[in-house]
Protein chains: 2
Amino acid sequence: MTAASKTVSDVIHSHFGTLTRAEKQLAESLLDNYPVSGLGSITTIAENAGVSTPTVVRMVQKLGFKGYPDFQAHLHQEVEATISNPIAKHDRWASNAPGTHILNRFADAIMGNLRQTLSALDTATFNDVASLLSDRKRGLYFVGGRITGALAEYFFTHMQVIRPNTALLSSNSSSWPQYVLNMNPGDLLVIFDIRRYEQEMVSLATAARKSGAEIVVFTDQWVSPAAKLARHTFRVQIEAPSAWDSSVVTLFIVEALIEAVQSSTWDETKERMKTLEGLFEQTRLFRKLG
Amino acid sequence: MTAASKTVSDVIHSHFGTLTRAEKQLAESLLDNYPVSGLGSITTIAENAGVSTPTVVRMVQKLGFKGYPDFQAHLHQEVEATISNPIAKHDRWASNAPGTHILNRFADAIMGNLRQTLSALDTATFNDVASLLSDRKRGLYFVGGRITGALAEYFFTHMQVIRPNTALLSSNSSSWPQYVLNMNPGDLLVIFDIRRYEQEMVSLATAARKSGAEIVVFTDQWVSPAAKLARHTFRVQIEAPSAWDSSVVTLFIVEALIEAVQSSTWDETKERMKTLEGLFEQTRLFRKLG
DNA sequence: GCTGTCATGAAAAGAAATTTTCAGAGCGCG
DNA sequence: CGCGCTCTGAAAATTTCTTTTCATGACAGC
């Protein structure tokens, strides 16, 4: 029997692939605030999910329940189990996997990193960097190392949409001098440099400062030497139960900065995005016609 | 109003003296295993308590509720409160910043994304993908879109160190055919495709399948069309309080996979990393000497 | 003992919920 | 473009739940 020992949540997940659009929408709604969201009548949950009641019936039958009442009976049992056993809950991220599974150990570590990084992070620094990035008069340059190059690229790709006057330096240092040559006073150089700090980053930072550029550094808890030259530094916790360092929290801060910049200059950005949409559309047409 | 702020349990207790024999019997039944016992229909709880349905109606009205549905709605609210409290939201991540600061809102959202993604993620899928990636006989190909290209690159950069036979496809589709041409049966194509799904990804996936390649897709909750062709799909929650989608959780899974592959083939990888160290050292020397 | 009051549940009436039917919309495919 | 397919929700049909009505029985007071 499909719904015998597994939880309703499990059953939904395991069938998710076979669900249709409206059913997925319903499933999302049920899983959001699970299992309480499934306590009401079929009418209520259909309304909450924005689907019709027949959709609900079809889905629960597809999941292997006899009908809605049967489905709800199972939910009630789970609620009962949950409530009578309040301490359990959430000691595991990926349920159905042992607590020692890499996913769970990683999740714990990243949570810790995020918590530590944010509690150490100065909000004023964040706000100031956001406003520097928002200033369209300043040119923006992004650079990362072998591993962090992808982060620099990610940051750059977004900022390039949001505002003009941005550049991504290749992670290969040979082309850097020509960028420095073009830097103007007030320009902003965003450096990603985590352990196994690359010596050349310091040279780059030094040269950029000579051109009058401001520097922002993303680094780890042991701090890149380039940070000495920086106006602002983000010290990110990067340890993971892995032979490699984790960039998750760094990406988190990058995304938060992107949103901060985005929202502070929404009016101007909106226009740019519309234009961009148009350009993409054109490109697509070109391809079809070609 | 009687049932305003007090819990249903409180209300029952405070009216207990004025209840009749059958009503007391019902009240006992409700309080036993409270509040779950009140989740069912009026018929069910009447049967459980060994009283008639009119008794139930009379009692809940005596308690100050408009009717049975009203009574039950209050119970549902309590169940919800009970269930969601233990999970207790971290009220503030970045202290010294208001709870509404973008950093805190982002942290909440990412936590939710991570939780939902992991609970939906099938560990067997994860393990299977990890072992596919570990198999050195299979060639590995990584590809991403405009935004997700950086993720593909990040994944690629790590895998390239860990094992041979890996390639990164440019996010520009014009060079894809030549890669497909070289794919062998059993090769693995890792696709990153989140909303604003790129039509070309489906074409690429189709072509790769024809060459006998297996496909793994990283996509969002709305699922890329390319997932239909995939052996395994990671559905990642990507919503953030932002005009942009969040890649943090996707990166999380990528890093966990990297570690899973790394650790499953540590002996072989160790040698490679030593050699790589040596090569870097040499490069540095070249530069100094040059 | 008679009478009135109250508690109680059976059963009817009324209201909702659940399921089924069905037609239209959308989409892929030849 | 048309055909057939699937998905979807409106609405009907059915079932179940909720409330009301009412008959019965218990019991206290007269």
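No donor-acceptor contact under 3.5 Å links the side chain of A/Arg21 to the base of C/dG26.
Of all nucleotides listed (D/dT18, D/dG9, C/dT18), D/dG9 comes nearest to the side chain of A/Thr55. Candidate nucleotides C/dT20, C/dG9, D/dT18 were compared by shortest atom distance to the side chain of A/Pro54, and C/dT20 ranks first. Of the listed nucleotides (C/dT18, D/dC17, D/dT19), D/dC17 has the atom at the smallest distance from the side chain of B/Thr43.
Atom CZ in B/Phe71 sits roughly 17 Å away from atom P in D/dC17 (whole-Å rounding). Here C/dT18 presents its C1' atom at 10 Å from CD of A/Gln61, a figure rounded to the nearest Å. Following rounding to the nearest Å, A/Glu23 (CD) and D/dT8 (P) show an atom-to-atom distance of 6 Å. Rounded to an integer number of Å, the gap from CE of B/Met59 to P of C/dT8 is 12 Å. If you measure from atom NZ of B/Lys228 to atom P of D/dT6, you get 14 Å, rounded to the nearest angstrom. In this structure, the NZ atom of B/Lys24 is 16 Å from the C1' atom of C/dT8, given to the nearest Å. Rounded to an integer number of Å, the gap from CG of B/Leu19 to P of C/dC6 is 16 Å. For the pair B/Gln72 CD and C/dA16 P, the computed distance is 15 Å after rounding to whole Å.
Using a cutoff of 4.0 Å between basic side-chain nitrogens and carboxylate oxygens, B/Arg235 and B/Asp220 are not scored as salt-bridged. Electrostatic pairing of B/Arg58 and B/Glu23 does not count as a salt bridge here, judged by no charged N lying under 4.0 Å from a carboxylate O. Using a 4.0 Å cut-off between charged nitrogen and carboxylate oxygen, B/Asp108 and B/Arg105 do not count as a salt-bridge pair.
The residue among A/Arg58 and A/Ile42 whose nearest nucleotide of DNA chain C lies closer to the 5′ end is A/Ile42.
Note on A/Gln25: nothing from the nucleic acid sits closer than 4.0 angstrom, heavy atoms only. Using a 4.0 Å heavy-atom distance criterion, B/Thr20 is classed as a sugar-phosphate-only contact.
For B/Phe126 and A/His101, the distance between ring centers is under 6.0 angstrom.
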Please determine whether side chain to side chain contact (heavy atoms under 4.5 Å, CB included) holds for the pair B/Thr148 and B/Leu151, giving the CA-CA distance in whole Å, both sets of side-chain angles, and the decisive distance to 0.1 Å. CA-CA 5 Å; B/Thr148 50; B/Leu151 294 169; 4.2 Å; yes
